[in-house]
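Just so you know, these numbers come straight off a predicted model, no measurement behind them.
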Amino acid sequence: MATSSSLFRSKKLSLFLNLSFLLLLTLYLKTILFPSNLNSTLFHLSSDIRPPTTTISHLRLLSDITTNGCTGLQKYTDNKYKCFYVKTHIGCRPKGYIDYLQIFYCNFGQFPILGHFVLLLWLLVLFYLLGNTAANYFCSSLESLSKILKLSPTIAGVTLLSLGNGAPDVFASIVSFTRSGNGDLGLNSVLGGAFFVSSIVVGIISIVITSHRISVDKCSFIRDALFFLFSLFSLLLIVAIGKINLWGAICFTSIYLVYVCIVSAMHFFCGDKDNGGHVGEAGIPLLGYIDDEKPVLKSGLEEQEQIANFLNLNPEICYYVAKIVHVLELPLTLPRRLTIPVVSEESWSKPYAVLSVTLAPLLLAALANTQRENVSLRSSLVTYFTAGLIGMVFGNLACVTTKKSSPPKRCLFPWLAGGFLMSVTWTYIIAEELVSLLVSLGHIIGINPSVLGLTVLAWGNSLGDLIANIAMAINGGADGAQIAISGCYAGPMFNVLMGLGLSLVFSSFSEYPSSFEIPGDPSLYETLVFLMACVLWALVILPQKNMRLDKSLGYGLLTIYFCFLFLRLARAFGLLNLHGSYFIV
């Protein structure tokens, strides 16, 4: 019954998000096909004759258009002028595929509550797509690749599995540096996620399992914590210097390679005596790794039986209900299913496999064209034509070499590599749109987008870690707690060194031989200092308690995080001014 209830809840969430997507798609198409009357009014704005006060405001508006950024948006209260501002101001142009500011001010300007609801609903859909793509496509490809490459469990845990767990943070950081031009958002989202996991998640785990009197391995914890501290201190030096060249960025990223080598050496030479080598295999959990959280793939008939038993429906009626549910789930599933090759036994479908390898090159071509500026029509058509030919060749090969009844058993590497590449592509596209939406929300609300990266984006990307690691610590006994705590430090360290490291490598490479200027956000010092204090607190308390997780560790970590969060949000909303040392009530 519990399984049926879990399946039913999963179906309800999927249906809600798919129906929400259809609603949002309808609203978006309406804004394109039937523009608001405000748009036609704005066309004549510059030629209208108005009273002197309005003329002065209009001249001020035109002068603000020449300034950098989109900071002048909050100066105006009239929706008509805000719409004109976001349409004509270069700094307000979207970094993704949808112009959220124009939709909000030009179509929902008279109904701001509805506009906020629409954007928040789309934010929820994007978070779901990001996590679902990582869990159902990205992580499954990585797991299969690790088996094909015959990686040891420990090495797979600190490389491929860490990448699977940190994919949303890594790609959101890369996008914020390379595409949005807002590196503050990437820095704050990665550091915010690391702070949340190493304080809130570790703190809750320590409080919840206090009565179990569970201890963690001292050598592993000190190794992970010291490497994490060194990574944060290195990042602090980079922020203090204010710039970094290509070689410096490569050296920063290579810290994680040193960590992998040390973990591998400890595994091969010392072995995991206490756990018989099994901790390495469970290692750093992937998204949805816990049995209670990870959905079990079932056939359509089994799902129909479970839904029928749960709802007490006639089997014939349930058959049609299941068909309707399946159709309603297609909007968010079908585009990815048609472009990401999947060769698992449970999800195998030859038509989908053939179509995915045929359409995947076209999606890559579309992404390549959007990443380039001033692309000529001829160049764009050549790219699509080449991708179409490659897709037809791959589709014919897949059609000839695969069976309808089962996935291929040999030559799996090209399929898995293709699935990995396309899941990376979809994760990048979704992360790009998510970052663009958060930047736009920052302009609408009137706060720095980096604050949203530190809170909303960090919390959204870390929610899977919170659920999975706490469930593992509670249900997995001593081994489960060890794995959960290891994941709470090794995972954030991967995000900091690889997520921010690769972002700095790409950004500094684009500026080579000059150095890349680090975004000048003074609040980064606060975040790094509080985060280092959090790790130091655990390093001091745990050895004193004989490495036993208890309430003193948990409450201390929670206190540090909420003190930091209060100071950061108070400054963002103007309630606290550190420079002037006064409070505004």
Side-chain angles (χ1 to χ4, degrees), residues 13 16-36 38-39 69-74 76-87 89 91-133 168 171-172 175-176 179-182 184-186 188-189 192 331-332 429-461 463 569 572-573:
L13 175 62
F16 170 74
L17 291 172
N18 278 276
L19 291 175
S20 300
F21 174 74
L22 291 176
L23 173 64
L24 294 173
L25 180 61
T26 303
L27 290 173
Y28 180 66
L29 292 176
K30 178 187 176 298
T31 61
I32 295 177
L33 300 176
F34 306 101
S36 171
L38 188 59
N39 293 325
C70 198
T71 56
L73 182 61
Q74 298 300 325
Y76 307 97
T77 56
D78 193 328
N79 292 323
K80 181 169 53 179
Y81 283 102
K82 286 189 174 183
C83 179
F84 182 72
Y85 186 91
V86 299
K87 278 192 167 187
H89 201 288
C92 295
R93 291 179 182 174
K95 307 302 180 183
Y97 305 96
I98 302 174
D99 195 335
Y100 299 105
L101 292 178
Q102 184 173 326
I103 290 175
F104 183 84
Y105 288 113
C106 300
N107 295 280
F108 296 101
Q110 297 177 345
F111 309 99
I113 296 178
L114 180 59
H116 283 100
F117 174 77
V118 167
L119 293 184
L120 291 177
L121 190 60
W122 180 234
L123 181 68
L124 179 63
V125 172
L126 287 177
F127 269 125
Y128 168 79
L129 284 174
L130 192 64
N132 184 262
T133 302
F171 286 104
V175 167
S176 68
R179 287 287 293 165
S180 73
N182 196 323
D184 287 347
L185 183 62
N188 280 279
S189 66
L332 293 179
I429 292 172
I430 299 167
E432 185 177 25
E433 201 58 36
L434 182 60
V435 169
S436 177
L437 175 56
L438 287 176
V439 171
S440 299
L441 283 173
H443 291 312
I444 292 171
I445 300 172
I447 64 174
N448 195 320
S450 64
V451 177
L452 296 177
L454 185 67
T455 53
V456 177
L457 184 56
W459 295 339
N461 287 341
L463 191 59
L569 293 179
F573 289 102

Approximate separation, where rounding is to 0.5 Å, of [X] [atom1] and [Y] [atom2]:
X      : Y      : atom1 : atom2 : value
Phe117 : Phe108 : CZ    : CZ    : 10.5 Å
Leu22  : Leu17  : CG    : CG    : 11.0 Å
Leu123 : Leu438 : CG    : CG    : 6.0 Å
Phe21  : Leu332 : CZ    : CG    : 5.5 Å
Ile103 : Leu119 : CD1   : CG    : 7.5 Å
Asn107 : Asp99  : CG    : CG    : 10.0 Å

Original post:
Taking Glu433 for the side chain and Tyr97 for the main chain, is one N or O donor matched with an acceptor at less than 3.5 Å?
Top reply: yes
Subject >> Backbone of Ser436 reached by a side-chain donor or acceptor of Ser440 within 3.5 Å >> reply: yes
**OP:** Please test Leu121 against Phe16 for side chain to side chain contact (heavy atoms under 4.5 Å, CB included), starting from the C-alpha separation and ending with a verdict.
**Re:** CA-CA 11 Å; Leu121 190 60; Phe16 170 74; 4.0 Å; yes
**OP:** For the pair Val125 and Asn18, evaluate side chain to side chain contact (heavy atoms under 4.5 Å, CB included) and give the outcome as yes or no after the intermediate values.
**Re:** CA-CA 8 Å; Val125 172; Asn18 278 276; over 6 Å; no
**OP:** I would like to know whether Ile444 and His116 meet side chain to side chain contact (heavy atoms under 4.5 Å, CB included); could you show each step before the answer?
**Re:** CA-CA 9 Å; Ile444 292 171; His116 283 100; 3.7 Å; yes
Original post:
Given the rule in the side chain to side chain contact (heavy atoms under 4.5 Å, CB included) test, do Tyr100 and Trp122 qualify, once you have shown the distances and angles that lead to the verdict?
Top reply: CA-CA 11 Å; Tyr100 299 105; Trp122 180 234; 2.7 Å; yes
Original post:
More than 12 heavy atoms of other residues, nucleotides or ligands under 6.0 Å from CD1 of Ile113: is that the case?
Top reply: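 At most 12 heavy atoms, drawn from other residues, nucleotides or ligands, come within 6.0 Å of this atom.
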